[in-house]
K.L.:
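Got a structure for you, written out below as structure tokens; questions coming shortly.
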Amino acid sequence: MTPAAKLVVYPPDENGWRRVRYDGVAIGVAHHPSDIRAFLAAAGKEDAEDVDLTDPGFVEWRGAGPEAWEPSGKPGNGSGSV
């Protein structure tokens, strides 16, 4: 069985912010990948600035990958891809 990713980044909310958990603990709400690295450093992760955020063995991107930071659409508000 493959071990679960240590870092989980949730889908963007209606403002484009993404909740972030590291080792099962909520460490922040990010608006950019650099926020995630700052949260990891604050959580004590060594070499946080060098973390590969595309490594599926370390990070699980839920709902959208590391390139998605746009606000999610709320049902019924007419937002979506343009």
Side-chain angles (χ1 to χ4, degrees):
M1 178 179 232
T2 304
K6 292 189 74 144
L7 181 69
V8 179
V9 183
Y10 292 85
D13 67 12
E14 63 275 357
N15 297 310
W17 294 88
R18 300 182 76 156
R19 292 180 300 122
V20 182
R21 294 180 75 82
Y22 175 64
D23 237 359
V25 177
I27 61 170
V29 182
H31 194 257
H32 192 270
S34 62
D35 296 336
I36 296 171
R37 290 185 175 95
F39 299 155
L40 289 170
K45 171 86 171 114
E46 292 185 27
D47 300 324
E49 66 278 356
D50 297 324
V51 167
D52 179 2
L53 295 176
T54 63
D55 176 3
F58 180 71
V59 61
E60 176 186 347
W61 291 91
R62 294 194 179 168
E67 70 288 340
W69 295 91
E70 293 297 315
S72 65
K74 288 185 178 178
N77 72 354
S79 64
S81 299
V82 177

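Predicted, not measured: the structure shown is a model, and the values here were computed from it.
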K.L.:
Could you list the residues that satisfy side-chain contact (heavy atoms from CB on, under 4.5 Å) with D55, not counting sequence neighbours?
P.N.:
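With sequence neighbours excluded, D55 shows a side-chain contact (heavy atoms from CB on, under 4.5 Å) to D52, F58, given in chain and number order.
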K.L.:
With sequence neighbours left out, what residues match N15 under side-chain hydrogen bond (donor to acceptor under 3.5 Å, both in side chains)?
P.N.:
none
K.L.:
By salt bridge (charged side-chain N to carboxylate O under 4.0 Å, His left out), which residues pair with R62, not counting sequence neighbours?
P.N.:
E60
K.L.:
Verify, without hydrogens or angle tests, whether R18 (side chain) and I36 (backbone) share a donor-acceptor contact under 3.5 angstrom.
P.N.:
no
K.L.:
Can you list every pair that meets ring-ring contact (aromatic ring centres under 6.0 Å, His included) and has a residue in residues 15-44, with sequence neighbours left out?
P.N.:
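ring-ring contact (aromatic ring centres under 6.0 Å, His included) check on residues 15-44 returns W17-H31.
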K.L.:
My understanding is that only residues two or more places apart in sequence, or in another chain, count here; which of them pass side-chain contact (heavy atoms from CB on, under 4.5 Å) with P71?
P.N.:
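side-chain contact (heavy atoms from CB on, under 4.5 Å) check on P71 returns nothing, list empty.
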K.L.:
Once salt bridge (Lys or Arg N to Asp or Glu O under 4.0 Å) is applied, what residue pairs with a partner in residues 22-49 remain, sequence neighbours excluded?
P.N.:
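Pairs touching residues 22-49 that pass the test: K6-D23.
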K.L.:
Any donor-acceptor pair under 3.5 Å linking the side chain of W61 with the backbone of L53?
P.N.:
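Yes; at least one donor-acceptor contact below 3.5 Å.
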K.L.:
Using the salt bridge (charged side-chain N to carboxylate O under 4.0 Å, His left out) criterion, which residues pair with D13? Sequence neighbours excluded.
P.N.:
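Per chain and number, D13 pairs via salt bridge (charged side-chain N to carboxylate O under 4.0 Å, His left out) with no residue.
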K.L.:
Can you name the residues that form a side-chain contact (heavy atoms from CB on, under 4.5 Å) with A26, not counting sequence neighbours?
P.N.:
R21
K.L.:
Which atom names give the shortest non-hydrogen contact between P12 and A64, and what distance separates them?
P.N.:
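Closest approach of P12 to A64: CD-CB, 4.4 Å.
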K.L.:
I'd like to know if W69 and V51 are part of one continuous hydrophobic network [Ile/Leu/Val/Met/Phe/Trp/Tyr, side-chain heavy atoms within less than 4.5 Å].
P.N.:
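Same cluster.
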K.L.:
P33 and P66: which non-hydrogen atoms are nearest, and at how many Å?
P.N.:
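So the two residues come closest at CG-O, 4.2 Å.
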